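Below is one structure, written out as structure tokens; comments come after it.
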Amino acid sequence: MIPTETISPGHPRTDPTSGPPIITAEDLRVAFGRYVALDGVTLKFGPGAHGLLGPNGAGKSTLVKVLLGLVRPDSGSGDVLGHSIHGRQTDLRHRVGYMPERDAHVPGMLVIDYVSMMGRLSGLAKRPAEARAHEVLTYVGLSGERYRTVDSLSAGNRQRAKLATALVHDPDLLLLDEPTNGMDPVGRREMLRLIVELRRVGISMLVSTHLLPDVQEVCDGVAIMAKGRVLRTGSVASLTANIDRNWKLQIVGDLGPFLAALGARGVKVAHDETQGSLTAQLPEHAEPRLFIEAAASAGVGLKEMRLGTRTLEEAFFEVIGEAPHAHS
Amino acid sequence: MKSAKRPSCLRSLFLVAGLVIREIAWTRRTLVAVLLLMVPSALALVIRSEAPPGTVDTYIQSIFPTLFVFISALIMLFFAGSIARDSMDDRTMTFLVTRPLGRVRIVLGFWLGTVVFATPLLWACGLGTMAVASAGLDGWAGFPNPEAAAEARWRIMLAGLAIAMLSGAYYTWMSLKLKHPTVLGVLSILAVDGALGSVQANARFAAPTSSFESLLSPIFQTRGTLISESDLDLTLTQGGALQLILIELVVMLILLAKSAQKHDYISSAATEGS
Amino acid sequence: MPILEQVYRRLDHHEPASSWRAVWAIGDQCGAMALKGWFPKGWLAVSQIPGLVVAVIIYVMTRNESTVLEVVNGMARTGYQSFNDVPGETWYRVASNLVYAMITIVQGWFATVGTAIYGARQVADDLRTSAFEVYVARPIWSRDYVIGKLIAVVKPLLFILIVPTGFCLLAANLFVPASAGPCLKLYPILIAAGIAYATLNAIVILGISSLGKSSRYATITWFVLYFLTMAVSVILTQSTGDSVWEIVSYRANLQVILASFLRLNPFENLDLEFPSPDHSLASSALIIGCLAALSLFLVLRRVRSGRLP
Amino acid sequence: MSEESIISAVGLSRSYGRVMGLTDLTVDIPTGVIGLLGPNGAGKSTLLRLMTGMIKPSLGTIRVLGQDPLSSPDLFRSMGFVSEDDALYESMTPHEMVSFLGRASGLSKSDAREAAHESIQKVSLEAVTNRRMRGFSKGMRQRVRIAAALVHEPRLLLLDEPMTGLDPVARRDIVSLIERLAAEGVSVVFSSHILHEVEAVANHVVMLHRGLLLAHGSIQHIRDCLSDYAFTLEIRMDRPRELAARLAREAYVTSLVFEGEDGIRVGTSSSKQLVTALPTVLLEIGAPVREIACPGENLEALFGRLLK
């Protein structure tokens, strides 16, 4: 069970379908030889942060590349920020920041030169590009590593360098492909905090990942993909709505009297040995105080009392239909 | 426990060599090498059609041997100069190092693989050129009689094998040790083999090409024989040349084995960044 | 370390994407990358040494007038006795011979190896490390990428070709004041010739570099193209006795184009080691032109396949 | 082999130029499933490369199954290694590659082919066993490498970041595979920074950070020794300041931190006393309580606290 640690509680969640569409796609189809990467993808994303969720090989990266014009679709159409993906890509790429999945960097080039070069390629002059590069690198937390070569950085720092290059020309839309791939939890949490911060400043983004906590923490809307098809779209909240009010409890002390006290109060309880936690069903219009009273009366300590929201992983597995090998 | 014992020395060598041949067999690199090896026969064809009748014989006897040695060295640099390095760069070497083969056998396996793969190509080039040169004519490719032509063919094959083994060892060792093996490899072909080979003093035997050429003389008129006619008796007897080559080969193989022992199989540049 | 020292600042206005800036950005950075490491820098430094050596030789030679006159008469097949009755035209021709010899005999070799060192990695490395995806995600055209890479390779080659040669020319003019006047117009020509020579080499090496992912094979293919074509043309010329086979050699064609830049007429006023008369400029220009066109086509095809417009 | 530890390192250190990969590591790793834990750049990969003899130690010694990995290739007859790099013989099919590596481990031609078939079945790749590996997804490539490492039925399996970059479905398969191997008595050492996988599978943990050994022992052992010196409880309720006032008097409460208007984090030196007293105290105050959570439980918080 992937813990849903909350990184930044209470950031504003906009409704994903409000406002003019940033990204639209109609029946996009891409096949590499026999392998069908995109099998008729149709979706519409408004401003704000949207997640593309799916196992490896679900076609997420291919979709991001098609939107950026890096891959020409066999059929179907779409547009990003008003520019059609079949048209001239240069103005499209001028307003979009792309963070590729693989380590796409020039080996041996210093981080500061690499980022400032990317700025100059997007139209900034030499001096302003360098100034902007320093600013963006400080923002992503690489001020210490500015004068090291890109390939000598750790996996986490390489991801930050990629984010810096995506931000140097101040895009309106960020396409992030597996932004926290290969990062340890501490680094991952900081990267997600950066992304949430960017969202708050008003940059829309499309985050393609298979790490569910990333999407849950950062995105408003999410599209779950598998085998080149979009299986479900909707806001994150709708997907993880907790239909039944089950609570996760953990106690210290002997279990018997506590279970009896809960039973007396009409609470249905399921005991899960491996994790050593209880799942209790709160009766209609009852208060969580019920659990505390039961614990006090049974004389046991209450270590954990949490509303067990259905995590995205459960939604994800449900949508994928528990196929053992969802990908080809 | 299924595996009884560690694969024997010979079996390990042949396993790795087989892998190397399989990896380079169907690649674009072999296509380019084959095109390169067709150049001498193409030259023979052009000379036969364009030049006065006797020229193709002089081409075969004097120009072709030097060209053959030069191209063979390039081909060995093409294969041996990068096979070991490529497998380290794309990290497939990890599969071999974590098997009970032993590092020396792996590196020698790479050397053996390139030699076994390249030698037939070099032979095809040499014999093909002589065949093209003599087809339709009296069939002896510019040599006075069939025996001479047969000896010439046999000498070309011997020289081809010697070049494949010695240059192969030299470039495999260089690819393990140096960061810029290719540019330096080419410079060593030009400077050491080319220039030094045509020096009119004993120093020329320091260059491997002159010992290869001595293998080919006197049936062919290589630079060695041209020099000897100018009353500087400097040619190596074929026996001498063979010995020199064998000594150099043994030294190179020892160097290769020693460098295999202490070489880090992850290029040291890969810091603990991942 | 605190991450959010300051909030992400948005730019107030967005510069339009400009090809010119992109070209210079790639030229600067990839040029600096090509010179990274001791070997490329070392090669650049070593290539300057002949310039000094030849300058010293010129200094020693020009100490007495007779040796200079001897050289001039030898080259121009004339019998002048003193400096002032040597016409400007002859000084110009002798100076351009010096430049031609300097480039073909000395600096040409450094440039050939330099082309491999600086050029073989340019496109091959981008493909191998998928750094190409970074360029493609930017608002640049494929021609910007190609011109930028060309600049990156031409810069060090120009330094190898022009600086030592120019230095010797300057030394000759200083030590023989009479020759200074007529040779003034040779300097811009030298620069133009250097640019042409370097650009042709750069275009061909970029074409070769875009053939595969490994700069190792690009290096070998370049040397094979250079030395094998030279050897083949020498063998064919000697065997057939017909010098039309000169055009097989990439090096010979490059030298013919260099000579045309320096307006040296190959027929009458030179007895330098030079391709024989019936090897005309037109055929060389044609062959080198085709080779350059093929290389450019290869690079653009590879770049377009990576989806640069 | 009778003795308890399969891998023992004494004063082991290795540096790449000036960068210290691993500093003076002395540890004995028992049999079973062992997790090598640490953030990026902690020295996990360096330790695994030293164990497989890929690189030489700068100082100290390491012995795997009683032998020195550098000088005795025989060791690899009973050891398998799956590296972190996505390397593969692209032109081969899984069956060809695994049987080749089987022969390289000393199996005869027929044994190798049969063992290859078996190990490909173990990683459930029979469907694509004869397909060129060029178009395989990341998860499938990972499983081919694992099959190759299992072909000669090793007693010890080393995995470098097996779960990185894999989606939950592929990750779950690998976790169950490791459990199956452990059940068959194969010792598995794997490095990871995805902590809850380590928690679910490993019975012994070695924690590294910046090349130094931070802690090693069973998960329970590490959690116990940690929880007695720092344990926090997060409570979301109305009027948290009243709870703070009430708890401030207790000796076992070490810190009280307010988060927003409804959150309070209570640090304690003895988790048992705080948790036992909590229900009665909350009833006394009578304010509605929304949530009680103890982040100190999973390894990640453990890890976060260790790194401070």
Side-chain angles (χ1 to χ4, degrees), chain B residues 27-29 31-33 35-40 42-60 62-64 66-68 70-71 73-79 81-83 85-86 89-90 133 171 175 178-187 189-191 194, chain C residues 34 36-43 46 109-110 112-121 124-125 128-130 205 208-245 247-249 251:
Chain B
T27 56
R28 209 176 333 154
R29 160 186 358 185
L31 183 68
V32 171
L35 284 178
L36 248 172
L37 286 167
M38 288 203 288
V39 164
L43 277 175
L45 267 180
V46 168
I47 291 173
R48 273 188 56 170
S49 59
E50 297 292 322
T55 349
V56 77
D57 299 343
T58 50
Y59 162 70
I60 287 293
S62 56
I63 300 171
F64 168 63
T66 316
L67 187 62
F68 177 71
F70 177 65
I71 287 187
L74 268 184
I75 293 294
M76 286 323 289
L77 175 63
F78 212 62
F79 288 120
S82 62
I83 299 293
R85 197 72 189 182
D86 282 352
D89 290 347
D90 66 19
Y171 293 127
S175 77
L178 301 176
K179 213 164 150 331
H180 290 273
T182 330
V183 174
L184 294 179
V186 171
L187 289 184
I189 290 180
L190 301 177
Chain C
K36 208 167 163 51
W38 60 271
F39 188 66
K41 290 196 185 73
W43 191 256
V46 165
W109 296 109
F110 284 107
T112 305
V113 177
T115 309
I117 296 174
Y118 307 121
R121 290 207 311 237
D125 270 9
R128 180 165 46 81
T129 61
S130 73
I205 191 68
I208 293 175
S209 177
S210 67
L211 283 178
K213 282 200 167 75
S214 151
S215 58
R216 216 166 277 127
Y217 293 115
T219 309
I220 295 178
T221 317
W222 162 254
F223 280 120
V224 163
L225 171 77
Y226 196 86
F227 292 110
L228 200 60
T229 53
M230 191 167 73
V232 163
S233 84
V234 163
I235 292 172
L236 286 181
T237 321
Q238 279 170 4
S239 312
T240 58
D242 168 3
S243 73
V244 74
W245 293 107
I247 52 173
V248 167
S249 157
R251 180 170 180 272

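Proteins get letters first, then strands, A, B, ... in listed order; numbering begins at 1 in each. Treat the numbers as computed from the prediction; the structure is a model and nothing was measured.
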Spatial distance of atom CG (Leu77(B)) from atom CD1 (Ile220(C)) [nearest 0.5 Å]: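 Answer for the CG-CD1 pair, Leu77(B) versus Ile220(C), is 4.0 Å.
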Gap between atom CG of Leu43(B) and atom CD1 of Ile235(C) - 0.5 Å precision: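 Spacing of CD1 (Ile235(C)) from CG (Leu43(B)) equals 5.5 Å.
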Residue pair Val32(B), Val224(C): steps toward the side-chain contact (heavy atoms from CB on, under 4.5 Å) verdict: CA-CA 11 Å; Val32(B) 171; Val224(C) 163; over 6 Å; no
Segment of Trp245(C) engaging chain B (4.5 angstrom heavy-atom cut-off):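 Only the side chain of Trp245(C) comes within 4.5 Å of chain B.
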Heavy-atom check, side chain of Val232(C) versus side chain of Val46(B), under 4.5 Å: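 A side-chain contact is absent here, since even the closest heavy-atom pair is not under 4.5 Å.
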With sequence neighbours excluded, residues passing side-chain contact (heavy atoms from CB on, under 4.5 Å) with Ile71(B):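 side-chain contact (heavy atoms from CB on, under 4.5 Å) check on Ile71(B) returns Leu37(B), Val39(B), Pro40(B), Leu67(B), Ile75(B), Leu228(C).
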Residue list, side-chain hydrogen bond (donor to acceptor under 3.5 Å, both in side chains) with Thr27(B), at least two apart or on another chain: Thr30(B)
Output field: ring centroids Tyr217(C)/Phe78(B) closer than 6.0 Å: yes
